[in-house]
Amino acid sequence: MPKQFWLMKTEPDECSIDDFAKNPTQPIRWDGVRNFQARNFIRDMDLGDHVLIYHSSCKHIGIAGIVTVAKSAYPDPSQFDPRSPYYDAKSSDDNPRWSAVDLVFTTKFPRILSLDELKQLPALDKNPLVKKGNRLSVIPFTETEWNAILEESK
DNA sequence: GCCAACGTTGGC
DNA sequence: GCCAACGTTGGC
């Protein structure tokens, strides 16, 4: 039983639920998060926690499925790679600024739960995901919020 | 492509 | 510590 629930945003061109589904036992490194609040949430993630995958900036915006934390936070290697778009010169080996987790496929919803639909769920009233202008890419979910999503996905 | 909203940076 | 400028996110 997972201890905590999360949602992570991704542009499906970069990494979609189908990228997880096509190799369902192969974890994918979730790197490139460069926002301090989101990073702090990543560091709070535990092995076995469940994560909703949200497709943003695309044609079908919404929640596409569930993945599970397969490895908890560790230093994001891309911050040390000068050729990476995620390179951060201010980061050092002994004090890495950014963290990554590994995630593994769990469930693909039969259909995307659209943003419109999510906005209509009373349980998500207070969730930053449905607030205008929200840019947080890693969001903690309460069990109530989580259950409302699972119910809606049926 | 547009643009509002936001987080970060840097000058002071 | 303030805050303007800037770059980015993300829905439309």
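Any value given below was found using the heavy atoms of this structure, including those in side chains, with hydrogens, waters and symmetry copies removed. Treat the numbers as computed from the prediction; the structure is a model and nothing was measured.
- When the side chain to side chain contact (heavy atoms under 4.5 Å, CB included) test is applied to A/Asp81, the partners found at least two apart in sequence or on another chain are A/Arg83, A/Ser84.
- Listed by chain and residue number, nothing satisfies the side chain to side chain contact (heavy atoms under 4.5 Å, CB included) test with A/Gln120 (two or more places apart in sequence, or in another chain).
- Side-chain heavy-atom separations under 4.5 angstrom define the hydrophobic clusters, and the remaining members of the one that includes A/Phe36 are A/Trp98.
- For A/Asp44, the side chain to side chain contact (heavy atoms under 4.5 Å, CB included) partners are A/Trp6, A/Phe41, not counting sequence neighbours.
- There is no side-chain donor-acceptor pair under 3.5 Å between A/Arg39 and A/Ser99.
- Pairs engaging residues 60-72 of chain A under the salt bridge (Lys or Arg N to Asp or Glu O under 4.0 Å) rule: none recorded [sequence neighbours left out].
- Residues passing the side chain to side chain contact (heavy atoms under 4.5 Å, CB included) test with A/Ile61 are A/Tyr54, A/Cys58, A/Leu115, sequence neighbours excluded.
- Ring geometry for A/His50 versus A/Trp146: interplanar angle of 30 to 60°, hence tilted.
- To the nearest 0.5 angstrom, A/Leu118 atom CG is 10.0 Å from A/Ile112 atom CD1.
- There is a side-chain donor-acceptor pair under 3.5 Å between A/Ser78 and A/Arg34.
- In this structure, A/Lys131 reaches neither bases nor backbone, as no heavy-atom distance under 4.0 Å exists between it and the strands shown.
- Near DNA chain C, meaning a heavy atom under 4.0 Å from it, residues 108-116 of chain A has A/Leu115 in order of number.
- Under the side chain to side chain donor-acceptor pair (under 3.5 Å) criterion, the residue pairs touching residues 100-109 of chain A are A/Asp18-A/Lys108, A/Thr68-A/Thr106, A/Tyr74-A/Asp102, with sequence neighbours excluded.
- Sorted by residue number, the list of members of residues 77-91 of chain A with any non-hydrogen atom under 4.0 Å from DNA chain C is empty.
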Donor-acceptor pairs under 3.5 Å, side chain of residues 121-130 of chain A to any protein atom, not counting sequence neighbours: which ones?
residue: A/Asn127; atom: OD1; partner: A/Leu129; partner atom: N; Å: 2.8
residue: A/Asn127; atom: ND2; partner: A/Glu145; partner atom: OE1; Å: 3.4
residue: A/Asn127; atom: ND2; partner: A/Glu145; partner atom: OE2; Å: 3.3

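- Chain A approaches DNA chain C within less than 4.0 angstrom (heavy atoms of the protein), and the contacting nucleotides run 5' to 3' from C/dG7 to C/dC12.
- Within a heavy-atom distance below 4.0 Å of DNA chain B, the residues of residues 30-45 of chain A found are A/Asn35, A/Phe36.
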